[in-house]
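Just follow the structure's listing: the first ligand is 1, and inside any ligand the first atom is 1.
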Amino acid sequence: MLGGQTVSSNESMVGLVNYAKEAGAVELRELAVPEIGEDDVLLRVHSVAICGSDLHQYHGSQSWKVNYPVVLGHEFAGVIAKVGRRVAEFKEGDRVVSETAAVLPRDSALIRRGLYNLEPGRLGFGYGVDGAMAAFVKVASRCLHHVPNSLTLEDAALTEPCCVAYNAVCINSRVRPGDTVAVIGPGPIGLLCGTMARLSGAGHLVVIGTSVDTKRLEVARQTGADTTLGAHGEDISEWVRNHGDGYGVDLVIDAAGVSASLKMALEVVRPAGQITKVGWGPQPLNFSLDPLVQKAVTLQGSFSHNWAMWESVLVLLASGKIDLGPILNRVAPLDEWRTSFEAMHTGAIVKGVLQP
Ligand SMILES: [Zn+2]
């Protein structure tokens, strides 16, 4: 039995495997329970959240390299089932969440600066190495953080996207109390960026989507947006001209998964304002960046997160300052993965959690 105290390595488990680049190449498979090394733990997965990147790999539309076949899932929380010989800070039974840089080079100039999230040689769960959409996952103990008692493991599984948003808004952007902040793209990351902007003192938060985002813009209002635009073909530029002094917004967070949203960001940002791009888009741009020059705008990229951000976000989650209620719309067993993947893809739910 896997539910018992000990886990022997010859036992099997079920995992959700992405086995090829073609669209739909995802299925449940019988797998061996991973063997751990002396610096690893074996984590019994309690909750794993579905990310936009899992959906990209499901549709074969990702722009990153995948080591097929691979178990999906990099946003997860669970209970430690077994610890390696050299693991000192964690023990069997601990409730933990894991960062995503599963494998790092032994040493590098970036790692020494605490910038291991930007280390090109890193491999992440769910594409580089087996992820957490399975009963068990092997995790290097340096990836782990303790989950505070007041935080459920369902909510803890969303620590990772919260950290992406925290890095984009609270570290890589400059927000001052009273600033107007616009978020383009009301997906999970965009909505959480809105929450971070609100926590940072944004005076007016506007979330921008398109006609397919009716439900998600409703969630944006529940999570603190003062204005939502785009569901009914509103003229975004006109709204901005009529807002405040009319020069534009102080900060734009571009969290849309398309390149073209940067054009809108350049239109709505005020002179000397900032655009932080956290959404990916493989499409090339076909417009001029002259407004960036003319407005003297700062364009900032943001990717992933590091240890200190995880600690801060866990404090925010445990104290109830981040309300995941409106965002986490479905918790389902792993074998209902397809329904949840589809519901997230169509925007019927913002975020789903699976339980192996
Ligand atoms: Zn993710």
Table please: side-chain donor-acceptor pairs of residues 327-334 below 3.5 Å, with sequence neighbours left out.
unit_1	atom_1	unit_2	atom_2	d
N329	OD1	V350	N	2.7
N329	ND2	P326	O	2.9

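- A distance-only check finds a donor-acceptor pair linking the side chain of D250 to the backbone of T180 [under 3.5 Å].
- As a member of the Ile/Leu/Val/Met/Phe/Trp/Tyr network built from side-chain separations under 4.5 Å, L266 groups with I184, V206, I208, L229, I236, W239, V240, V249, V252, L262, M264, V268, V269, I275, L285, F287, L289, L292, V297, L299.
- Heavy atoms of other residues, nucleotides or ligands lying less than 6.0 angstrom from NZ of K321 number 12 at most.
- For the Zn ion (ligand 1), the count of nearby protein N/O/S atoms, taking only those under 2.8 Å, is 3.
- With side-chain heavy atoms closer than 4.5 Å counting as contact, directly or through intermediates, V258 stands alone and belongs to no larger hydrophobic cluster.
- Within the 3.5 Å criterion, the main-chain N or O of C193 finds no donor-acceptor partner in the side chain of R198.
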